[in-house]
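Everything below concerns the one structure shown next.
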Amino acid sequence: MSSETTTYTMTIGGKGVAGAGRFDVLNPANEQVIGQAPDCSREQLDQAVAAARAAFPAWRATPIAKRREALLAIAGTLAGNVEELKRLLTAEQGKPHADAMGDILGGAYWCQATSNLDLPVTVVEDTAERRGETRHVPIGVVGAIAPWNFPIILAMFKVAPALLAGNTVILKPSPFTPLTTLRIGELLRGVLPDGVLNIVTGGDDLGPWITSHPGIDKVSFTGSTQTGRKVMQSAAATLKRITLELGGNDAAIVMPDVDVEKVAEQLFWAAFKNTGQICIATKRMYVHKDVYEPLKDALVAYAKTVKMGDGAEQGVQMGPIQNRLQYQRVLDLIEDAKANGYRFLIGGETSEAPGYFVPVTIIDNPPENSRIVQEEQFGPVLPLLKWDDLDDVVGKANATEYGLGGSIWSSDEQKALDIAERLATGTVWINESQHLSPLAAFGGQKQSGVGVEGALEGLLEYTNTQTVFLRKAAA
Ligand code: NAD
């Protein structure tokens, strides 16, 4: 462990604050300690809330043009330090350097694009007696809670609209990936007014302290559906506003008219990018029986060309699973598939070597009710499923508590658009996957979420709607 990595501090009221304690952060590629993060005490969270509350009146009164500049300054800081940040992110998250760069620059882009949004004012009445306007005013202090799969861009999904709308923020990264976010906090001191963006890290208690804190007005959470339910319950006590971006079990529906050679590589990465640890990864791939065999062969052939390893090594395309808990969960799903006698097209081996590596694993047409089909695997294990009746496969795609995303692969665009209308998901992609845009609202139906991020709809989630009626003197 280098001495540099031991000095990360939280950012509270614009100052560096050491934790009441510290906890180790591991590199998932080799399980070595790469640094320690501060363990925020309850009193320190109170201090962060007090700092954010103190900063709120001036920040909400700051002209939106200045708040836009603040977002651009965050974008500039992320982009300007991307080399340092990407190395740290790869070390703690495991993803290859190129993907770490995408996470950080994606966060910068999100801040920049969000800075162009406007808070609309609607004139609802304008008569001789009265003028009425509906506006969107900031909520107050936002608690932003991020997961470990895309620590930076998913944090910026929250920070950018929250700040633009005039709120102040307390950001909590996952305890598995806290260091890059802490470092960004250090880099932003002096760039933003003190107390506008506070960054705290800690163990399992810190999230619930945030979601139940009476001084926090809104919680924006990205993580699992299971935790999302707890967040909603905890936020209910003080009726906090909530945005929940939760888990998914996205289906890809591959039609018989696809060009197998053309789509195989895209379909592979739809499932395996970020080692399958993406909320909108393809987690069930339904392939029409006419193209099942050639696509199966093409996926396996492509999988054999992909290099997995330590994300800091040149040429590596897939890193390890991010943490031991998730690693064991994925291994458990593999063991379940083995115990049930499902056929593995590739992968399935486990290793005792250090590092949370699970090889690319594709399972050949397991039953619909198998765990690998029904559960969110969040790892590099894909069930390939054969279908031959469109109504049946659409029914299966929708037969889940999740409703995050889904994709359709076909050379018949109109047919694909018709199927898209039948999918009960927040986003549908046709002949691509995982494209997100700051101009498009993103969110989950059913138990994949509450509310949206991105675009004007996402920005408005950080506001209260306020109508002002003015009775005109002349009347
Ligand atoms: P997680 O739910 O375990 O943790 C997410 C965050 O919540 C972490 O910061 C964690 O420390 C915190 N947390 C844990 N318990 C808490 C509690 N009781 N109260 C408040 N906060 C608490 O999720 P994860 O394992 O970090 O992330 C993987 C999951 O996130 C997957 O299910 C994935 O699909 C989902 N995800 C969803 C989106 C989306 O936009 N819909 C994006 C990425 C990931």
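Since the structure is predicted, the reported quantities are computational estimates derived from the model, not experimental observations. Quick note: residue numbers are just sequence positions, from 1. Remember, it's 1-based here, ligands and their atoms both numbered in the order they're listed.
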task: Check the surroundings of atom OH in Tyr109: do more than 12 heavy atoms from other residues, nucleotides or ligands lie under 6.0 Å from it?
output: no

Looking at ligand 1, would Phe150 count as a contact under a 4.0 Å heavy-atom criterion?
no

Open item on the list: Any nitrogen or oxygen of Leu404, side chain or backbone, less than 3.5 Å from one on ligand 1?
Closed with: no

query = Quick one: does Phe157 get within less than 4.0 Å of ligand 1, heavy atoms only?
reply = no

Of all protein heavy atoms, the one nearest atom 23 (O) of ligand 1 is Ser224 N, 3.3 Å

Under 4.0 Å from one or more heavy atoms of Ala146, ligand 1 contributes atoms 6 (C), 8 (C), 9 (O)

Asp205 with Arg42: basic N within carboxylate O range, under 4.0 Å: no

Atom 12 (C) of ligand 1 sits nearest the protein heavy atom Ile145 CG2, 3.7 Å

Taking only non-hydrogen atoms of Glu245 and a 4.0 Å limit, the atoms of ligand 1 in range are 37 (C), 38 (C), 39 (C), 40 (O), 41 (N)

Give yes if a backbone or side-chain nitrogen or oxygen of Gly223 is under 3.5 Å from a nitrogen or oxygen of ligand 1, and no if not. yes

One finds that the ligand 1 atoms under 4.0 Å from a non-hydrogen atom of Gly207 are 19 (N), 20 (C), 21 (N)

Would you call Pro175 a ligand 1 contact, heavy-atom distance under 4.0 Å? yes

A student checking ligand 1 against Ser174 at a 4.0 Å heavy-atom cut-off should list atoms 9 (O)

In this structure, atom 10 (C) of ligand 1 is nearest to the protein heavy atom Lys172 NZ, 3.7 Å

Atom 7 (O) of ligand 1: closest protein heavy atom, distance to 0.1 Å, is Phe221 CE1, 3.1 Å

Below 30° counts as parallel, above 60° as perpendicular, anything between as tilted: where do the rings of Tyr302 and Trp269 land?
perpendicular

Glu376 heavy atoms within 4.0 Å reach ligand 1 at atoms 31 (C), 32 (O), 33 (C), 34 (O)

Looking at Thr227, Ile280, Asp205, the heavy atom closest to atom 22 (C) of ligand 1 belongs to Thr227

Checklist entry - Does Glu401 come within less than 4.0 Å of Arg229, counting only side-chain N to carboxylate O? => result yes

- Item | Trp429 side-chain N/O to Ile408 backbone N/O, donor-acceptor pair under 3.5 Å | no

Nearest heavy atom to atom 43 (C) of ligand 1, choosing from Leu325, Asn149, Thr211, belongs to Asn149

So for Thr222 against ligand 1, with non-hydrogen atoms under 4.0 Å, the contacting part is both

Practice task
Identify whether the distance between the nearest side-chain nitrogen and carboxylate oxygen of Lys86 and Glu83 falls below 4.0 Å.
Solution key: yes

So does Arg241 have more than 12 non-hydrogen atoms from other groups sitting under 6.0 Å from CZ?
-> no

- Would you find more than 12 non-hydrogen atoms of other residues, nucleotides or ligands less than 6.0 Å from Gln328 atom CD? yes

Note: heavy atom closest to atom 33 (C) of ligand 1, options Trp148, Phe378, Phe176, Tyr402, belongs to Phe378

Cation-pi check, Lys158 to Tyr462: give yes when NZ or CZ is under 6.0 Å from the six-membered ring centre and within 45° of the ring axis, no otherwise. no

| Arg284/Glu376 salt bridge by N-O under 4.0 Å criterion | no

Checklist entry - Would you find more than 12 non-hydrogen atoms of other residues, nucleotides or ligands less than 6.0 Å from Glu432 atom CD? => result yes

Atom 41 (N) of ligand 1: closest protein heavy atom, distance to 0.1 Å, is Leu246 O, 2.7 Å

Near Leu154 (heavy-atom distance under 4.0 Å), the atoms of ligand 1 are 42 (C), 43 (C)

Side chain to side chain contact (heavy atoms under 4.5 Å, CB included) test vs Lys218 passes for just one of Thr463, Ile242, Thr243, Val169, namely Thr243

For atom 42 (C) of ligand 1, the closest protein heavy atom turns out to be Cys279 SG, 3.0 Å

Quick look: Leu206 vs ligand 1, heavy-atom contacts under 4.0 Å, and the answer is neither

Thinking salt bridges, do Arg53 and Asp46 make one under a 4.0 Å N-O criterion? no

Could you establish whether Pro208 and ligand 1 come within less than 4.0 Å of each other, counting only heavy atoms on the residue side?
yes

In this structure, atom 27 (O) of ligand 1 is nearest to the protein heavy atom Pro147 CB, 3.5 Å

May I ask you to check whether Tyr286 and Trp409 place their ring centers less than 6.0 Å from one another? no

